[in-house]
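For ligands, and for the atoms within them, numbers begin at 1 and follow the listed sequence. Along the sequence shown, residues are numbered consecutively beginning with 1. All values reported here derive from a predicted model rather than from experimental measurement.
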Amino acid sequence: MTPKKKSEYRVPKLKDFSAKTLDGAAGKLLTALKEESEALLSEESTNDLQHDDKWRQLWDVFKTFRDRWIARKDGIATQIKDMWLMSAPVDRKPDVGRRFNELRARIDEEVSRAESALQRLQRDEQNWIIETDPAGRSFSTWDDALKATEGVDITLPGIRRPLGAEHPVIKTMNEMVRVFRNLGYSVEEGPEIETDYYNFEALNFPPNHPARDTQDTLFIANQESKPLRERLLLRTHTSPVQIRTMEKMKPPLRVVCPGKVHRNDAADATHSPIFHQIEGLAVDTNITFCDLKGTLDHAMKEMFGSSVRTRFYPSFFPFTEPSADVQISCIFCGGRGYRDGAPCRNCKASGWIELLGCGMVDPNVYGFVDYDPKKVSGFAFGMGVERIAILKYGVDDIQLFFNGDVRFLEQFA
Ligand code: PHE
């Protein structure tokens with residue numbers, strides 16, 4: 001890869017040492033230097049190199065270039081020293097010396113520039129990684145690595161990022177959902193801002209029916225211009241998800257629907273305007289009240305322990321018939337009604353704690369979703385998540401779940 005002989009630059013003998021002659025000679029030398037240096041990595045010189053051997057060959061070419069210009073014995077730099085500086089008449093020596101020093105510096109500079117260019121090219125192409133920092137960034141030169149990490153004092157203490165804990169309400173909700181997933185239920189969700197239709201009408205609450213009053217509904221303002229069924233409100237229970245699910249799925253179906261609900265209740269130790277429910281719905285042929293009892297009895301034993309008993313107490317919901325409230329034997333007094341010789345305060349000495357509402361899906365509801373009540377039957381249930389969490393963890397104030405006091409929440413980590 002040595003440059004072609006005929007165009008190769010050779011140091012000329014100078015006719016005289018005038019400034020003009022020296023300028024001309026220096027100009028030619030610098031042009032040659034530049035051309036040869038650029039040719040080193042030009043496409044023509046790198047193109048047909050054999051890949052395996054490419055870098056060795058390129059470095060050989062570079063060394064030839066380097067030696068040609070700065071080899072101590074016979075390099076061009078040495079030649080101009082001998083032929084120009086040494087042979088200059090005494091009175092021209094200072095000027096020629098100054099020019100020589102300049103040229104020598106330019107030659108050195110060009111040789112090291114070519115060397116680093118070749119180095120950089122090889123590192124980039126072969127993806128050299130000589131250093132990887134803790135953030136996973138990699139560097140191909142020590143210089144780059146140092147530059148990127150300077151300013152980081154590794155003796156400073158690190159930043160502690162505390163692990164958060166699952167909120168007790170979410171934790172309870174997940175546990176409950178898991179119990180039903182294990183029974184083959186899938187999970188459905190619905191919007192928190194609902195229409196009157198899904199929250200009430202399709203659940204068999206007719207307009208102006210007094211059962212609506214039990215729901216302490218928060219209505220969205222300025223909906224009066226819409227037909228009643230389209231008016232928006234904050235859902236008061238997760239039961240609208242029953243309707244939404246039946247609209248999009250055909251029986252058989254088994255779903256649980258966890259979510260946030262809203263009621264116009266003043267906050268106190270047992271009430272919160274925002275709380276959570278888990279809805280359940282199973283529709284198939286020949287589903288009976290026995291299935292409902294068995295399912296909920298099993299779920300309560302999973303949640304509160306196998307010694308817990310359940311009791312179904314007659315109740316009313318417009319969308320279930322018959323309806324029941326489910327009570328579990330008091331987990332504080334074991335259902336005895338008194339503890340340590342005193343009446344149990346948790347169950348008001350009754351031995352039972354009311355936990356959830358349920359019932360067989362009212363045939364009227366099937367009419368809203370195009371199910372045939374003569375062919376299918378099903379059950380539904382709905383439970384308050386905070387209420388279950390309060391019992392499970394012995395919390396005495398529902399507000400603790402929503403105040404965001406880390407000292408309280410930390411206990412569930
Ligand atoms: N949605 C009812 C409530 O919030 C609970 C319920 C759900 C009752 C499903 C029966 C069946 O009070």
Side-chain angles (χ1 to χ4, degrees), residues 169 173 176-177 180 185 187-192 194-206 209-218 233-246 253-265 270-284 287-289 291-297 299-300 310-328 353-366 368-369 371 373 376-388 398:
V169 170
M173 195 146 92
M176 209 68 219
V177 166
F180 287 98
Y185 284 63
V187 180
E188 285 292 327
E189 284 179 306
E192 280 172 49
E194 261 301 4
T195 58
D196 186 280
Y197 177 77
Y198 285 109
N199 198 77
F200 291 125
E201 192 177 333
L203 287 164
N204 203 29
F205 289 81
H209 192 281
R212 290 182 171 223
D213 296 346
T214 63
Q215 299 273 319
D216 302 304
T217 312
L218 289 158
L233 46 80
L234 299 183
R235 70 177 177 192
T236 57
H237 50 180
T238 42
S239 301
V241 190
Q242 287 188 37
I243 306 298
R244 291 180 174 276
T245 305
M246 288 191 280
L253 63 84
R254 282 175 247 289
V255 292
V256 276
C257 324
K260 201 174 278 173
V261 301
H262 305 255
R263 292 202 190 173
N264 185 18
D265 273 331
T270 55
H271 294 83
S272 163
I274 301 176
F275 59 105
H276 298 78
Q277 287 189 332
I278 293 173
E279 192 82 10
L281 174 69
V283 183
D284 202 342
I287 291 213
T288 69
F289 203 91
D291 298 314
L292 172 60
K293 284 189 78 170
T295 302
L296 289 178
D297 187 70
M300 293 304 114
T310 53
R311 179 164 91 164
F312 288 69
Y313 209 77
S315 183
F316 172 79
F317 301 100
F319 43 95
T320 47
E321 179 61 32
S323 304
D325 284 330
V326 179
Q327 303 173 343
I328 61 167
I353 294 179
E354 195 177 301
L355 216 49
L356 60 105
C358 66
M360 302 306 290
V361 178
D362 191 304
N364 283 352
V365 172
Y366 294 132
F368 286 95
V369 295
Y371 279 18
V376 295
S377 59
F379 62 73
F381 56 85
M383 56 187 111
V385 180
E386 283 77 2
R387 192 154 162 63
I388 292 172
I398 194 174

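- Atoms of ligand 1 found under 4.0 Å from any heavy atom of Phe381, numbered from 1 in the order shown, are 7 (C), 9 (C), 11 (C).
- Closest approach of Gly378 to Tyr366, counting heavy atoms only: N-OH, 3.0 Å.
- Counting heavy-atom neighbours within 6.0 Å of Glu192 CD, excluding the residue itself, gives a total above 12.
- Contacts with ligand 1 closer than 4.0 Å are made by backbone heavy atoms (N, CA, C, O) of Cys358 only, the side chain lying farther away.
- Nearest protein heavy-atom contact of atom 3 (C) of ligand 1 is Arg263 NH2, 3.8 Å.
- Residue nearest to atom 4 (O) of ligand 1, selected from Arg235, Gln242, Gln277: Gln277 (by heavy-atom distance).
- Taking both residues in full, the closest heavy atoms of Ala211 and Phe316 are given as CB-CE2, 4.3 Å, listed atom of the first, atom of the second, then distance.
- For ligand 1, the atoms lying closer than 4.0 Å to a non-hydrogen atom of Ser239 are 1 (N), 7 (C).
- Between the side chains of Thr310 and Asp297, at least one donor N or O lies within less than 3.5 Å of an accepting N or O.
- Close N/O approach between Glu279 and ligand 1 is not found [any backbone or side-chain N/O within under 3.5 Å].
- Under 3.5 Å, the side chains of Thr236 and Asp216 contain no donor-acceptor pair of N or O atoms.
- Heavy atoms of Phe319 found under 4.0 angstrom from ligand 1 belong exclusively to the side chain.
- By the ring pair (Phe, Tyr, Trp, His ring centres under 6.0 Å) test, His262 is found to be paired with no residue, residues two or more places apart in sequence or in another chain being considered.
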